[in-house]
Amino acid sequence: MLGRSHRRAGRLSQPNPSLPPQFEPRYAVPTQERPRPTQDLPPEDPPEYTAARVPTVPVSYAFVPVSLNAMILIPPPDAPDTRPVYHISTGHNCFIPSSYITTIRRGGTELDEFMGNFEMGICREPATVCMRGKESQIKQKLNRDAGRSDGIWTWSPQNAKRMLFWDFSVSPAVCNTKNDRNPIAKFTPRWRARQLRPPSNHAQLVVHPKGQALFDDILMSVLIIERKRLTPSFPGNRRLFN
């Protein structure tokens, strides 16, 4: 009886040629373990890759539109690395469409790494900025000593080493740090009269080697400043625009 059961089990384990292929039993085939490398991989990037990633000369980046509500920040065609550095997009706050949220990501698409965002517009709530996982009111981070169109703008993040000063009384606008008066970045707005210039005339952001480590703060601050500078200014509109 026991032998018959074994034989019956053996027959049941054999593939039945009368069954369709999708119903035939499948058998797991053990895979051979891959040999491990004899030594660990180096913990750092190769020197040549690191050198290409961090520019050693000033680089002029262009704000190039890619859709109706997005643009990318790209280096010049002759740069060692021509990939987009940031993707910048703007969308409505669904609960109050008069308020706009600008989102910045590291890379060239809306699916890349989130860097930060800020929300400004016609809203009773104060304008806010979010970076490094923390949200703050813009008025706590950005101050100016003159009108919207000129003067010195001070960007004061939580880390004092990232404090920036933007001088919009000159053209292009110049950015420097608290401890170094030499420029680390320069910003040239897009020419306003579009019909007098070709469509390829984009806003430019020049970042010097010392400014590469502060790129996030440079970009975030200049986007907010330019948004404020371009906001209509007339008596009594302070209560309208946050």
Side-chain angles (χ1 to χ4, degrees), residues 53-65 71-82 84-88 90 102 104 106 115-118 120 127 129 131-132 136-194 196-198 200-233 241:
R53 186 173 55 185
V54 181
T56 57
V57 297
V59 180
S60 180
Y61 301 89
F63 292 88
V64 179
M71 60 184 175
I72 55 176
L73 188 65
I74 59 173
D78 58 350
D81 188 351
T82 58
V85 185
Y86 292 95
H87 180 275
I88 305 159
T90 301
T102 299
I104 302 99
R106 299 185 185 94
M115 185 274 271
N117 64 19
F118 63 91
M120 298 173 62
V129 57
M131 288 186 70
R132 305 179 182 93
S136 308
Q137 295 184 18
I138 289 180
K139 64 182 181 181
Q140 297 174 344
K141 302 296 182 182
L142 185 66
N143 298 282
R144 64 180 182 275
D145 65 356
R148 291 187 175 186
S149 299
D150 53 15
I152 305 295
W153 296 73
T154 304
W155 174 255
S156 305
Q158 187 174 5
N159 187 347
K161 295 181 179 179
R162 296 180 176 273
M163 181 178 292
L164 303 176
F165 299 91
W166 279 100
D167 185 359
F168 272 80
S169 65
V170 296
S171 182
V174 176
C175 177
N176 51 48
T177 61
K178 181 178 181 180
N179 300 323
D180 189 355
R181 309 311 295 180
N182 294 318
I184 63 170
K186 295 181 179 180
F187 174 69
T188 304
R190 181 182 60 83
W191 185 258
R192 304 291 173 80
R194 290 179 295 177
L196 301 180
R197 295 292 181 90
S200 60
N201 177 52
H202 304 299
Q204 301 287 325
L205 179 64
V206 177
V207 180
H208 293 248
K210 289 184 178 180
Q212 291 292 333
L214 303 173
F215 212 147
D216 288 354
D217 290 272
I218 291 173
L219 179 61
M220 180 67 77
S221 61
V222 79
L223 287 175
I224 296 176
I225 292 172
E226 191 65 356
R227 173 70 181 274
K228 285 182 170 292
R229 287 187 348 105
L230 297 179
T231 298
S233 178
F241 295 95

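Note that the coordinates shown come from a computational prediction; the quantities given were computed from them, not determined experimentally. Position 1 is the first residue of the sequence, and the numbers go up from there.
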If you round to the nearest 0.5 Å, how far is [atom2] of [Y] from [atom1] of [X]?
X    : Y    : atom1 : atom2 : result
M220 : I138 : CE    : CD1   : 8.5 Å
N143 : I152 : CG    : CD1   : 13.0 Å
H208 : L214 : NE2   : CG    : 13.0 Å
D145 : F165 : CG    : CZ    : 10.5 Å
H87  : M71  : NE2   : CE    : 10.0 Å
F187 : W166 : CZ    : CH2   : 7.5 Å

Determine the minimum heavy-atom distance between [X] and [Y], stating which atoms define it.
X   : Y    : result
P76 : S60  : CD-O, 3.1 Å
I72 : P84  : CD1-CG, 4.1 Å
P58 : P209 : N-CD, 3.8 Å

For the residue pair [X] and [Y], establish whether any side-chain heavy-atom pair is separated by less than 4.5 Å.
X    : Y    : value
F118 : L142 : no
I224 : M120 : yes
M131 : S136 : no
R144 : F168 : no
L219 : V85  : no
T188 : S171 : no
W155 : V222 : no
L164 : I184 : yes

- prompt: Can you list every pair that meets salt bridge (Lys or Arg N to Asp or Glu O under 4.0 Å) and has a residue in residues 204-215, with sequence neighbours left out?
  reply: D180-K210
message: For D217, is there any backbone N or O sitting under 3.5 Å from a side-chain donor or acceptor partner on R162?
response: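 Between the backbone of D217 and the side chain of R162 there is no qualifying donor-acceptor contact (under 3.5 Å).
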task: Take Y86 and Y61 through the test side-chain contact (heavy atoms from CB on, under 4.5 Å) and record every step on the way to the result.
output: CA-CA 10 Å; Y86 292 95; Y61 301 89; over 6 Å; no
task: Kindly check if the number of other-residue, nucleotide or ligand heavy atoms within 6.0 Å of NZ (K186) is above 12?
output: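 Incorrect, the count does not exceed 12.
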query: Stepwise, does the side-chain contact (heavy atoms from CB on, under 4.5 Å) test hold for V59 with V207?
result: CA-CA 5 Å; V59 180; V207 180; 5.7 Å; no
